[in-house]
Amino acid sequence: MVQVTQSSKVVVLTGAGISAESGIKTFRASDGLWENHAIEDVATPYAWERDPELVWNFYQGRRNQLQDVEPNPAHRALVTLEKFLGENFLLVTQNVDDLHSKAGSKNLIHMHGELRILRCEECHETFDMMEQEHLTSEYVPCPSCHSQRLRPHIVWFHEMPLQMSEIYAAVEECDVFMTIGTSGHVYPAAGLIDVAKQAGAHCIGINLEPPMNYDQHDEFHQGKAGELLPDFVEQIIS
Ligand code: BV8
């Protein structure tokens, strides 16, 4: 069991599995389907051009779900780890839900965007759109330039994830790299562990089942993040 001190640099990458015990379906569990649409068919810029109403309703439905879910012990364990490490801790999430920030995580990058936020395709302003009147199936005009081109602030397939240079900089100099609740299917997120290995980091995985990039991990703990992570964090910072 690796030990971390307050001078250890730790990067954590989370995926849909860390939110599963909060009641948010993972992509694999739903067979990558949403109401019989393949995620890759609704989470792309082409789908948005082809059928904006389908894509809008897909995201409005998931945005509405945010009102009914709460962080679980796994989200809170990462806040404990961040409080111990301070600026030496970075949390990178593939998730677009708001459970990490609701739990209190601060050094947090949403590399695939955020459900709560919409972005104007005209003026590129971003807006937190969680007011009740915004959660309808009707389009919401841009509050700034009033265009009808507000899109989900989500990184779709074939779009470049956000803040990748910051993420690579942190992974290239970390001592410990953890993957939690991710199947290792989607790139470039799933390739971050290769960068960490190159940098000599100790790579730890916590997941319900071995991820696609299992072999890159120095240690792997199989099980539910909400059950394993609180004790794991207590042990490595003691
Ligand atoms: C890019 C936002 C290039 C959307 C997401 C052809 C052309 C172009 C690109 C590609 C291509 N072919 C492949 C690619 C790359 C592509 C990709 O990786 N495709 C996959 C399908 C092979 N990637 C991209 O397109 C990326 N962009 O490459 O751009 C580029 C280059 C230059 C310039 C411009 C562009 C963009 C990828 C981002 C897509 N957006 N999310 C939305 O959410 O609606 S991806 C989305 O799926 C998630 O964010 C996440 O990343 C992924 C799902 O993965 P996980 O989070 O791991 O979830 P999953 O369900 O898979 O696994 C959950 C795990 O948890 C399971 O293992 C389960 O066992 C475990 N679990 C369950 N319960 C628990 C648990 N573990 C612990 N405790 C529990 N209780």
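Whatever order the structure lists ligands and atoms in, that order sets their numbers, starting from 1.
- Under the 4.0 Å distance rule, the nearest protein heavy atom to atom 71 (N) of ligand 1 falls inside the cut-off.
- Thr44 contributes a side-chain N or O that, together with a main-chain N or O of Ala47, makes up a donor-acceptor pair within less than 3.5 Å.
- With hydrogens left out, the protein atom closest to atom 22 (C) of ligand 1 is His185 O, 3.8 Å, a heavy atom.
- Residue Asn95 places no N or O, backbone or side chain, under 3.5 Å from any N or O of ligand 1.
- The aromatic rings of Trp48 and Trp156 are tilted relative to each other, their planes meeting at an angle between 30° and 60°.
- Between Phe220 and Tyr214, the ring planes lie perpendicular to each other; the angle is over 60°, past the 30° to 60° tilted range.
- Remark: among candidates Ala189, Ser183, Pro188, the nearest residue to atom 62 (O) of ligand 1 is Ser183, based on non-hydrogen atoms.
- Residue Arg62 is tested with Leu115, Asp97, Ile154 for a side-chain contact (heavy atoms from CB on, under 4.5 Å); the sole match is Leu115.
- Between the side chain of Lys9 and the main chain of Val171, no donor-acceptor pair closer than 3.5 Å is present.
- Both the backbone and the side chain of Leu208 come within 4.0 Å of ligand 1, judged by heavy-atom distances.
- Using a 4.0 Å cut-off to heavy atoms of Trp156, the atoms of ligand 1 that qualify are 36 (C), 39 (C).
- For Glu82 (side chain) and Lys106 (main-chain N/O), a donor-acceptor pair under 3.5 Å exists by modelled atom type.
- We find that Arg119 and Glu159 are not joined by a salt bridge, their nearest charged nitrogen and carboxylate oxygen being 4.0 Å or further apart.
- Distance check for atom 3 (C) of ligand 1: every protein heavy atom is found at 4.0 Å or beyond.
- In this model, a donor atom of one side chain and an acceptor atom of the other lie less than 3.5 Å apart for Gln216 and Asp194.
- Near Glu159, meaning under 4.0 Å from any of its heavy atoms, are these atoms of ligand 1: 1 (C), 26 (C), 27 (N), 29 (O), 35 (C), 36 (C).
- Between His112 and ligand 1, at least one N/O pair is under 3.5 Å apart.
- Closest protein heavy atom to atom 79 (C) of ligand 1: Gly17 O, 3.3 Å.
- Annotation for ligand 1: atoms under 4.0 Å from non-hydrogen atoms of Gly181 are 63 (C), 64 (C), 65 (O), 76 (N).
- Taking any N or O of Gly15, backbone or side chain, none lies under 3.5 Å from an N or O belonging to ligand 1.
- Residues His110 and Gln94 have side chains that never bring a donor and an acceptor to within less than 3.5 angstrom of each other.
- What sits closest to atom 52 (C) of ligand 1 on the protein, heavy atoms only, is Val186 CG2, 3.5 Å.
- Ring centroids of His221 and Phe232 are separated by less than 6.0 Å, placing the two rings close together.
- Looking only at protein heavy atoms, the nearest one to atom 21 (C) of ligand 1 is Glu40 OE2, 3.7 Å.
- Atoms of ligand 1 found under 4.0 Å from any heavy atom of Gln94, numbered from 1 in the order shown, are 48 (C), 49 (O), 50 (C), 51 (O).
- Residue contacts with ligand 1: Phe27 is placed with a nitrogen or oxygen under 3.5 Å of a nitrogen or oxygen of the ligand (distance criterion only).
- Ligand-side atoms of ligand 1 in range of Glu21: 78 (N), 79 (C), 80 (N), range being under 4.0 angstrom from any heavy atom.
- Regarding atom 73 (N) of ligand 1, its nearest protein heavy-atom neighbour is Ala20 CB, 3.5 Å.
- Note: Trp56 and Tyr139 have perpendicular aromatic rings, judged against thresholds of 30 and 60 degrees for the angle between ring planes.
- Side-chain contact, Ser105 with His75: no donor N or O sits under 3.5 Å from an acceptor N or O.
- Annotation: Ala43 places no N or O atom under 3.5 Å from an N or O atom of ligand 1; distance criterion only.
- Taking a cut-off of under 4.0 Å to the non-hydrogen atoms of Arg62, the atoms of ligand 1 that pass are 42 (C), 43 (O), 44 (O).
- Side-chain contact between Leu229 and Ile206: present, with at least one pair of heavy atoms (C-beta onward) separated by less than 4.5 Å.
- Within the model, atoms CG of Asp68 and OG of Ser22 stand 12.0 Å from one another, a figure rounded to the nearest 0.5 Å.
- In this structure a side-chain-to-backbone donor-acceptor pair under 3.5 Å is present from Asn95 to Ala16.
- At the shortest separation from atom 25 (O) of ligand 1 among protein heavy atoms lies His158 N, 2.7 Å.
- In this structure, atom 13 (C) of ligand 1 is not in close contact with the protein, since no protein heavy atom lies within 4.0 Å of it.
- Those atoms of ligand 1 with a heavy atom of Ala16 less than 4.0 angstrom away are 55 (P), 56 (O), 58 (O).
- Looking at Lys25, His110, Met160 and measuring to atom 31 (C) of ligand 1, the nearest heavy atom belongs to Met160.
- Distance check on atom 46 (C) of ligand 1: some protein heavy atom falls below the 4.0 Å cut-off.
- With hydrogens left out, the protein atom closest to atom 18 (O) of ligand 1 is Tyr187 N, 2.8 Å, a heavy atom.
- For ligand 1, the atoms lying closer than 4.0 Å to a non-hydrogen atom of Tyr59 are 4 (C), 42 (C), 44 (O).
- Residue Ala225 places at least one N or O, backbone or side chain, under 3.5 Å from an N or O of ligand 1.
- Side chain of Asn213 to backbone of Gly191: no donor-acceptor contact under 3.5 angstrom is found.
- Below 3.5 Å of separation, one finds an N or O of Val155 facing an N or O of ligand 1.
- Aromatic ring centroids of Tyr46 and His158 lie under 6.0 Å apart.
- Within the 4.0 Å heavy-atom shell around ligand 1 one finds Gly223.
- Of the N and O atoms on the side chains of Asp175 and Ser8, not one donor lies less than 3.5 Å from an acceptor on the other residue.
- At the shortest separation from atom 67 (O) of ligand 1 among protein heavy atoms lies Asn207 ND2, 2.9 Å.
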